[in-house]
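As structure tokens, the structure follows; a few thoughts come after it.
Only a predicted model underlies this, so the values are computations on that prediction, with no experimental measurement involved. Position 1 is the first residue of the sequence; numbering continues from there. Excluded from the calculations below are hydrogen atoms, water molecules and symmetry mates; all remaining heavy atoms, backbone and side chain alike, are included.
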Amino acid sequence: MKIVKHQINNIQVAEIISDEIIIHDTETALDLLGNIYYQGFDKVILHERNITPSFFDLKTKIAGDILQKFAQYRMPVAIIGAFSKYQSNSLNEFIYETNKIGYNYFAATREEVLQNFCKD
């Protein structure tokens, strides 16, 4: 796992780069969160490929649990991926509502995240 630092105005953003799944469950998400938090980052960018596929099956409640932990520790998270491949109206609504609220963010590209999510 590698952490790439993005500095956007006064915001320090950690982008997690890995070839493996690093978030398997709430516990591994909390481990990552603690690591990022103690390094002084304000926000985190994850890639879909680094998150367990069951995150995207809302019946498992993993997505809600993990995003709630990030919110509790005031660490907004953006997830980059190709979400259209999931044939789930519930997931599409979840992504829409999450982006509408604006605390966490789902996007197709890093550029979109850096433009829309990483503002003051």
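S18 and M1 get closest at one heavy-atom pair: CB-CA, 4.2 Å. The two residues I21 and T52 make their nearest non-hydrogen contact at CG2-N, 3.7 Å. Between I23 and L32, the shortest heavy-atom distance links the atoms CD1-CD2, 3.8 Å. Considering every non-hydrogen atom in both V77 and N104, the closest pair reads N-OD1, 2.9 Å. Closest of all the heavy-atom pairs between R110 and I17 is NH2-CD1, 4.3 Å.
Here the CD1-OG distance, from I95 to S90, works out to 11.0 Å after rounding to the nearest 0.5 Å. Rounding to the nearest 0.5 Å places NE2 of H6 at 13.5 Å from CG of D42. Taking CG from N92 and CD from Q87, the interatomic distance works out to 8.0 Å, rounded to the nearest 0.5 Å. The distance from atom CZ of R74 to atom CG of L33, rounded to the nearest 0.5 Å, is 12.5 Å.
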Check residues 59-67 and write down every donor-acceptor pair under 3.5 Å in which the side-chain atom is one partner and the other belongs to a residue at least two apart or another chain.
residue, atom, partner, partner atom, Å
T60, OG1, S54, O, 2.8
T60, OG1, D57, O, 2.8
T60, OG1, I62, N, 3.3

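Partners of F70 according to the ring-ring contact (aromatic ring centres under 6.0 Å, His included) rule, which considers only residues two or more places apart in sequence or in another chain, do not exist here.
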Inset, instruction - Given salt bridge (charged side-chain N to carboxylate O under 4.0 Å, His left out), test E93 with K100 step by step and report yes or no. - result: CA-CA 10 Å; E93 284 294 315; K100 185 176 169 184; over 6 Å; no
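Under a hydrophobic-cluster definition in which Ile, Leu, Val, Met, Phe, Trp and Tyr are linked whenever side-chain heavy atoms come within less than 4.5 Å, directly or via other members, L30 and Y103 are assigned to different clusters. Hydrophobic clustering, with ILVMFWY side chains joined whenever heavy atoms are under 4.5 angstrom apart, keeps Y105 apart from Y73. Note on V113 and I8: same hydrophobic cluster, where clusters join Ile, Leu, Val, Met, Phe, Trp and Tyr whose side-chain heavy atoms are under 4.5 Å apart, directly or indirectly. A chain of hydrophobic side-chain contacts below 4.5 Å, direct or via other Ile, Leu, Val, Met, Phe, Trp or Tyr residues, connects L58 to I79.
Using a 4.5 Å heavy-atom cutoff, the side chains of I16 and I36 are in contact. Two residues are said to be in side-chain contact when any heavy atoms from C-beta on lie closer than 4.5 Å; L46 and I51 meet this criterion.
Checking side-chain atoms of K43 against main-chain N and O of F117 turns up a donor-acceptor pair under 3.5 Å. Although no hydrogens or angles enter the test, the distance criterion places no donor-acceptor pair under 3.5 Å between the side chain of E15 and the main chain of I3.
For residues 23-49, no pair satisfies ring-ring contact (aromatic ring centres under 6.0 Å, His included), with sequence neighbours left out.
The pair K69-E27 fails the salt-bridge criterion, with no side-chain N (NZ, NE, NH1 or NH2) lying under 4.0 Å from an Asp/Glu carboxylate O.
Each of D31, D25, T26 was checked for a side-chain hydrogen bond (donor to acceptor under 3.5 Å, both in side chains) with T28, and the lone residue meeting it is D25.
Crowding of Q72 atom CD: a count of heavy atoms from other residues, nucleotides or ligands under 6.0 Å exceeding 12.
Ring geometry for F106 versus F94: interplanar angle over 60°, hence perpendicular rather than tilted (30 to 60°).
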